[in-house]
Amino acid sequence: IHQDNSDLINNFEDVNEVLESDLRKNLSERIRVLKTDINVRKQELAESLAQAFRIRREELDAATTKYNQEIENIDQRYKNKVDSIQTDYRADILRMRNSLKNLKVVLSDSVDEQVRLDKGRQELECPVCLELMKPPRRIWQCSEGHPVCEYCRKKPEVTCCPMCKHYFIGRSTIAEKIARAVFGDEEKVTLTGYKQIKA
């Protein structure tokens, strides 16, 4: 019996060793498989990350290109608008300068005309009363052509021309025409000397 027990124990130990050996082999195999799976997963992760980064870079590059293109389009539109504004501005300035130049010419002509008109009016100043001989006042003249108004001509003390002392010879129709041209027909006088009444 003792021998039988001893053999049984030995058999048990042998079985135990076999089981432990098999267990170690299985564990080693599983560990190897797990390490392989881990390495595969790491590789897949690296590839996935690389692909994700590549897609991100491509999208960023596309967005950057689109952004730069939009900036370029905005700059071009702004440049075109600025060029248009500057062109219109220069055209307006040129038109205003031309208008100013024309106004200066007109003003100069007007001033010259006014100066001539004032000078002509001064020539129609009566040398006796020093008043302007405006229509319908008649103008008389001496033999030298000096004018005098009809009011002063009728004064008893005015017997000759105060300028040259020559006698008056008649009316100066040319001076009266000049007066009408310079002062305008303020009042028309008929041939009989009466003022014409407007209808």
Side-chain angles (χ1 to χ4, degrees), residues 60-199:
L60 287 176
D61 291 343
T64 301
T65 302
K66 183 178 180 181
Y67 172 76
N68 292 335
Q69 185 64 39
E70 185 65 23
I71 291 296
E72 185 177 349
N73 292 338
I74 292 174
D75 288 340
Q76 187 62 40
R77 289 197 299 269
Y78 173 77
K79 182 179 181 300
N80 293 338
K81 186 173 183 179
V82 169
D83 291 343
S84 177
I85 292 174
Q86 289 179 343
T87 301
D88 294 340
Y89 170 79
R90 293 191 185 97
D92 289 340
I93 291 298
L94 182 60
R95 283 195 296 269
M96 287 188 287
R97 284 179 177 174
N98 291 334
S99 297
L100 181 61
K101 187 183 298 184
N102 293 334
L103 288 175
K104 286 182 178 180
V105 171
V106 173
L107 179 61
S108 177
D109 293 342
S110 299
V111 171
D112 293 342
E113 181 67 22
Q114 186 64 37
V115 170
R116 289 192 295 269
L117 188 61
D118 291 341
K119 187 174 181 180
R121 288 176 176 176
Q122 291 175 0
E123 294 297 327
L124 293 172
E125 183 180 275
C126 177
V128 179
C129 64
L130 302 180
E131 292 183 2
L132 294 177
M133 295 179 285
K134 298 180 180 181
R137 183 176 299 187
R138 293 178 178 178
I139 301 174
W140 292 71
Q141 68 177 10
C142 67
S143 59
E144 294 295 324
H146 299 130
V148 65
C149 72
E150 64 173 332
Y151 302 141
C152 294
R153 169 69 181 82
K154 294 178 179 179
K155 293 178 180 178
E157 63 272 19
V158 181
T159 59
C160 61
C161 175
M163 304 291 293
C164 61
K165 304 305 180 182
H166 288 186
Y167 291 105
F168 297 108
I169 58 174
R171 287 175 57 188
S172 177
T173 56
I174 184 65
E176 290 177 0
K177 289 181 179 180
I178 294 174
R180 283 194 296 271
V182 172
F183 297 108
D185 291 329
E186 295 188 358
E187 292 182 2
K188 293 184 178 180
V189 178
T190 62
L191 295 176
T192 58
Y194 293 101
K195 296 180 181 179
Q196 182 178 358
I197 300 176
K198 296 181 180 180

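All figures in this text were calculated on a predicted structure; none of them were measured in a lab.
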Are side-chain heavy atoms of R138 and C149 found at a separation under 4.5 Å? no
Non-hydrogen side-chain atoms of E72 and D75 separated by less than 4.5 Å: no
Heavy-atom closest pair (I139 atom, P147 atom, distance to 0.1 Å) is CG2-CB, 3.6 Å
Does any non-hydrogen side-chain atom of R171 lie less than 4.5 Å from one of E176? yes
Got a second to check how far I178's CD1 is from I174's CD1, nearest 0.5 Å? 5.0 Å
State, to 0.1 Å, how close C129 and R137 come at their nearest heavy-atom pair, and which atoms those are. SG-NH1, 4.2 Å
Considering all heavy atoms of both residues, which atom of P135 and which atom of F183 are nearest to each other, and what is their separation? CD-CB, 3.7 Å
Heavy atoms of C126 and V148 approach each other most closely as SG-CG2, 3.7 Å
Filter on salt bridge (Lys or Arg N to Asp or Glu O under 4.0 Å), then keep only pairs touching residues 139-161, sequence neighbours left out; what's left? none
Separation between OH of Y167 and OG of S143, rounded to the nearest 0.5 Å: 10.5 Å
Please report the shortest heavy-atom distance between M163 and P127, naming the atom on each side. SD-CB, 3.8 Å
How close do F168 and P162 get, heavy atom to heavy atom, and via which atoms? CZ-CD, 4.3 Å
CD (E131) and SG (C152) are apart, to the nearest 0.5 Å, by 7.5 Å
Kindly compute the distance separating OG (S84) from OH (Y89), expressed to the nearest 0.5 Å. 15.0 Å
Point-to-point distance, once rounded to the nearest 0.5 Å, from OG1 of T173 to CZ of R180: 8.5 Å
Return yes if a side-chain donor-acceptor contact under 3.5 Å exists between Q69 and N73, otherwise no. yes
Derivation and outcome, side-chain contact (heavy atoms from CB on, under 4.5 Å), residues C160 and C142: CA-CA 8 Å; C160 61; C142 67; over 6 Å; no
Are I93 and M96 close enough, and set up right, to give a side-chain contact (heavy atoms from CB on, under 4.5 Å), and what steps lead you there? CA-CA 5 Å; I93 291 298; M96 287 188 287; 3.6 Å; yes
Once you round to the nearest 0.5 Å, how far does CG of L60 lie from OG1 of T65? 10.5 Å
